[in-house]
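Remarks on the structure that follows.
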Amino acid sequence: MNKKEVAEALEEIGLLLELAGENPFKTRAYGSAARAIERSAGDLKGLVETGELLKVKGIGDSIFAKIKQMVEQDKSSYLEELHAKVHRGLVEMIRIPGFGPKRARAVHEKLGINSLGELEYACRENRLVKLEGFGQKSQDKILAGIQFLKRHQGRFLISDALSDAERLLAVVQGCKETIRACVAGSLRRCKETVKDVDILAAVRESGPVMDAFTKAKGVETVAAKGDTKSSIVLSSGLASDLRTVSEKEYPYALAHFTGSAEHNIAMRARAQQKFGYKLNEYGLFKGDKLIDAKDEKEIFKKLDLAYIEPELRENAGEIEAAEKGKLPNLLRMEDIKGVLHVHTTASDGSDSLDEVAKAAEEAGYLYLGVTDHSKTAVYAGGLKEQDVLEQHRAIDNLNKKLKKLRILKGTESDILPDGSLDFPDKVLERFDFVVVSVHSSFNLSRAEMTKRIVKAMKNPYTSILGHPTGRLLLAREGYDVDLDELLKVAAGEGVAVELNADPHRLDLDWRYGKRAHDLGVKVAIDPDAHSAEAFSVMRYGVGIARKGWLEAGDVLNALETEALLRFFQKRRSSK
DNA sequence: GCCGTTTTCGGCCCGACTGTTTTCAGTCG
């Protein structure tokens, strides 16, 4: 089993243990071990063989032994044992909002229900109404929850969530009782997909703000409405929570509702164990006495920590780094000097070269790398050799007219199934830079896919590896590839790796940011724009780069034009 | 099951809201 499969198996073990009514701390241990594996750098097999994995926080002897078996024997006896004991269908049931492990066990034990479908049928037969601890309202909610699951996958792209979030935030901010408000939760942490939108508001009076929120345009159902908290579901299927607090509580509440849960747990444990403080959404307390903090920064300071940016709050080493003053100086939007992966009407873009150039100029970029598809990508109108020459003439002419902006000649060359590029050398050498990407034959074995991409990366004309796993968030898994190996090759070859900023991709995954940094790999944050308007996705790319601990010095397109061209030339002349 | 400049055993974050209940369990974040 590979890293991802092991993480999923551990997660499933945690869920099954929870369903079996096990000690909650034990079940949590499996969940946190799963996340530790996801984040771990390097080859899992190697980490197991050397025993290095035992040094990872959250992995002890028992879980290590289970991982060892998964890696070496491609199975988990423990998971099989649990499957025999706990019905697999219960796992899907707990995806229903408001329906957790206890209720799943109850319907299983008392009504013999083993799947989502059976549960739906039982609701239709009114069998839950009479069940102890349930009732009419519970049954209605469960039925609605099942319908909800059928319509939506339960997670949303950051771009979709953000547009709803900004609209709801405006509604809250528009209330005269609101002092200030902010989007918190996973959206503030810039997770690549989110389950819901958390909004926090400091208010003079809560009631009218709650009313405005629950009556906002697009609200389909009001799932809960209380004095300080309301939950709604929009017609888009996206759920949103509003929490209201007083002005004084706001900084603590902002930290609390930004999370993540794991980060909060670690922060509270630190407050309690190191200082004897209690930390919650209302404040930091020594006994009953509030320890004043005017903003989030001061809360961290009181706990002897440097300020941790929201994107880093995943309990992935940020607290230890903050303690030692070793947090990264995160990339900022203004560090980005240009964009390098842009399509025009020459292939499958919707705006012409002139139009994207104008947009890049207006965005204040120093350079614009035009990278239309290569000839094999017929579905995307890939350029033939003659078309390339034509485009280059057009770019030369345009560059003569432009003042600050420089257009760079690039291509997004398909990586063919055998790992070769789509143009002969005599064409490749005419480009300033070459992005290489996989767009076909996704189903190779891990070894074959890795070999294919490594071969393409070793081509001396290759400058950037495009969307390294090919994943489409919420739609398609990436192809199976040894990403760690690709990063090592990138480091050795002087090839940059793309962090595709399109919210459907966000590929390189942020969990590999630290690894890229440690290996000295340059990361290119590319819009993969198919229109001038799509430059706006750069904000997601920068957010994900920040989440991956990247600094300006790690990012290829944070370089000025001359330095960027030197990077491309150095790569080419190294062979 | 994990973890330890308090501990190798005994802890493990904290509170809001709902629904089904007469005081609280379950769920969520």
Side-chain angles (χ1 to χ4, degrees), chain A residues 10 13-14 17-19 21-36 54-67 78 93-107 128-142 145 184-189 191 194-200 206 210 214 222-232 239-245 249 252-253 255-285 313 315 323:
Chain A
L10 291 171
I13 290 173
L17 287 173
E18 210 177 344
L19 285 161
E22 258 288 359
N23 173 359
F25 298 104
K26 182 171 166 178
T27 66
R28 186 202 288 168
Y30 280 91
S32 54
R35 280 179 290 278
L54 270 169
K55 291 188 193 150
V56 175
K57 214 173 146 194
I59 296 178
D61 292 335
S62 171
I63 291 185
F64 178 81
K66 280 155 191 139
I67 294 172
Y78 190 52
M93 278 191 236
I94 58 177
R95 287 170 55 223
I96 300 169
F99 194 89
K102 298 271 164 52
R103 309 193 105 192
R105 274 185 84 191
V107 297
L128 264 65
V129 178
K130 285 161 253 154
L131 194 61
E132 188 190 334
F134 291 75
Q136 187 66 48
K137 282 203 170 171
S138 295
Q139 178 171 286
D140 293 347
K141 269 202 154 170
I142 290 165
S186 52
L187 212 44
R188 183 165 182 242
R189 298 199 315 278
K191 276 295 285 287
V194 303
K195 196 163 79 67
D196 59 10
V197 170
D198 294 301
I199 295 175
L200 174 71
S206 188
M210 288 296 172
T214 51
V222 178
K225 192 180 174 194
D227 293 338
T228 64
K229 178 186 173 180
S230 290
S231 301
I232 57 157
S240 178
D241 288 346
L242 170 66
R243 280 294 296 256
T244 55
V245 293
E249 292 161 343
Y252 307 97
H256 175 90
F257 291 111
T258 297
S260 64
E262 291 83 358
H263 171 88
N264 284 353
I265 288 170
M267 287 289 287
R268 291 197 199 112
R270 179 184 178 87
Q272 195 191 70
Q273 288 160 17
K274 250 190 134 160
F275 303 89
Y277 295 163
K278 184 174 79 165
L279 178 63
N280 60 27
E281 61 260 59
Y282 302 114
L284 181 62
F285 300 94
R313 301 181 198 167
N315 196 25
E323 185 172 45

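Note on naming: letters A, B, ... go to the chains in the order of the sequence lines (proteins, then strands), and numbering restarts at 1 for each one. Atom set for the values below is all heavy atoms of this structure, side chains included, hydrogens, waters and symmetry mates excluded.
If you check every strand for non-hydrogen atoms under 4.0 Å, A:A261 touches nothing. Nucleic acid contact for A:N23: base, since at least one base atom lies under 4.0 Å from a heavy atom of the residue. At a threshold of 4.0 angstrom between heavy atoms, the contacts of A:E22 with the nucleic acid are absent. Counting any heavy atom pair closer than 4.0 Å across all strands shown, A:L17 reaches no nucleic acid atom. Within the nucleic acid shown, A:F257 has no heavy atom closer than 4.0 Å to any nucleic acid atom.
Residue A:S138 has no polar side-chain atom (N or O) positioned under 4.0 Å from OP1 or OP2 of B:dG19. Of the side-chain N and O atoms in A:K274, none sit less than 4.0 angstrom from OP1 or OP2 of B:dT6. Here A:K225 does not reach the OP1 or OP2 of B:dT18: none of its side-chain N or O atoms lies under 4.0 Å away.
Legend: residues meeting ring pair (Phe, Tyr, Trp, His ring centres under 6.0 Å) with A:Y277, ordered by chain and number and at least two apart, are A:F275. Remark: A:F25 engages no residue in a ring pair (Phe, Tyr, Trp, His ring centres under 6.0 Å) (not counting sequence neighbours). The salt bridge (Lys or Arg N to Asp or Glu O under 4.0 Å) check on A:K274 picks up A:E323, with sequence neighbours excluded. Legend: residues meeting salt bridge (Lys or Arg N to Asp or Glu O under 4.0 Å) with A:K225, ordered by chain and number and at least two apart, are A:D211. For A:K102, there are no salt bridge (Lys or Arg N to Asp or Glu O under 4.0 Å) partners, not counting sequence neighbours. Evaluation of the side-chain hydrogen bond (donor to acceptor under 3.5 Å, both in side chains) rule for A:K130 yields no partner, not counting sequence neighbours. Listed by chain and number, the residues in a side chain to side chain contact (heavy atoms under 4.5 Å, CB included) with A:K141 amount to none (sequence neighbours excluded). Residues passing the salt bridge (Lys or Arg N to Asp or Glu O under 4.0 Å) test with A:K229: none are found, sequence neighbours excluded. Remark: A:S260 pairs with A:R189, A:E262, A:H263, A:E314 by the side chain to side chain contact (heavy atoms under 4.5 Å, CB included) rule, at least two apart or across chains.
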Please write out the pairs of protein N or O atoms and N or O atoms of nucleotides 14-16 of chain B separated by less than 3.5 Å, giving the distance to one decimal.
from   : atom 1 : to     : atom 2 : distance (Å)
B:dG15 : OP1    : A:K278 : NZ     : 3.2
B:dG15 : OP1    : A:N280 : ND2    : 3.2
B:dA16 : OP1    : A:Y282 : OH     : 2.8
B:dA16 : O3'    : A:T228 : OG1    : 3.1

Polar atom pairs (N or O), protein with nucleotides 7-9 of chain B, under 3.5 Å:
none

Could I get a table of every N or O pair under 3.5 Å where one atom is in the protein and the other is in nucleotides 23-27 of chain B?
from   : atom 1 : to     : atom 2 : distance (Å)
B:dT27 : OP1    : A:G100 : N      : 2.8
B:dT27 : OP1    : A:G100 : O      : 3.0
B:dT27 : OP1    : A:K102 : N      : 3.4
B:dT27 : OP1    : A:R103 : N      : 2.8
B:dT27 : OP2    : A:K102 : N      : 3.2
B:dT27 : O5'    : A:G100 : N      : 3.4

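Checking B:dT8 for Watson-Crick or G-U wobble geometry (two distances, each under 3.5 Å) identifies no partner in any strand.
To the nearest angstrom, P of B:dC2 lies 11 Å from CD1 of A:I13. The separation between A:I142 atom CD1 and B:dT18 atom P is 17 Å, rounded to whole Å. Residue A:Q139 contributes atom CD, which lies 14 Å from atom C1' of B:dT20 at whole-angstrom precision. Separating the CG atom of A:D61 from the C1' atom of B:dG1 is a distance of 10 Å, rounded to the nearest angstrom.
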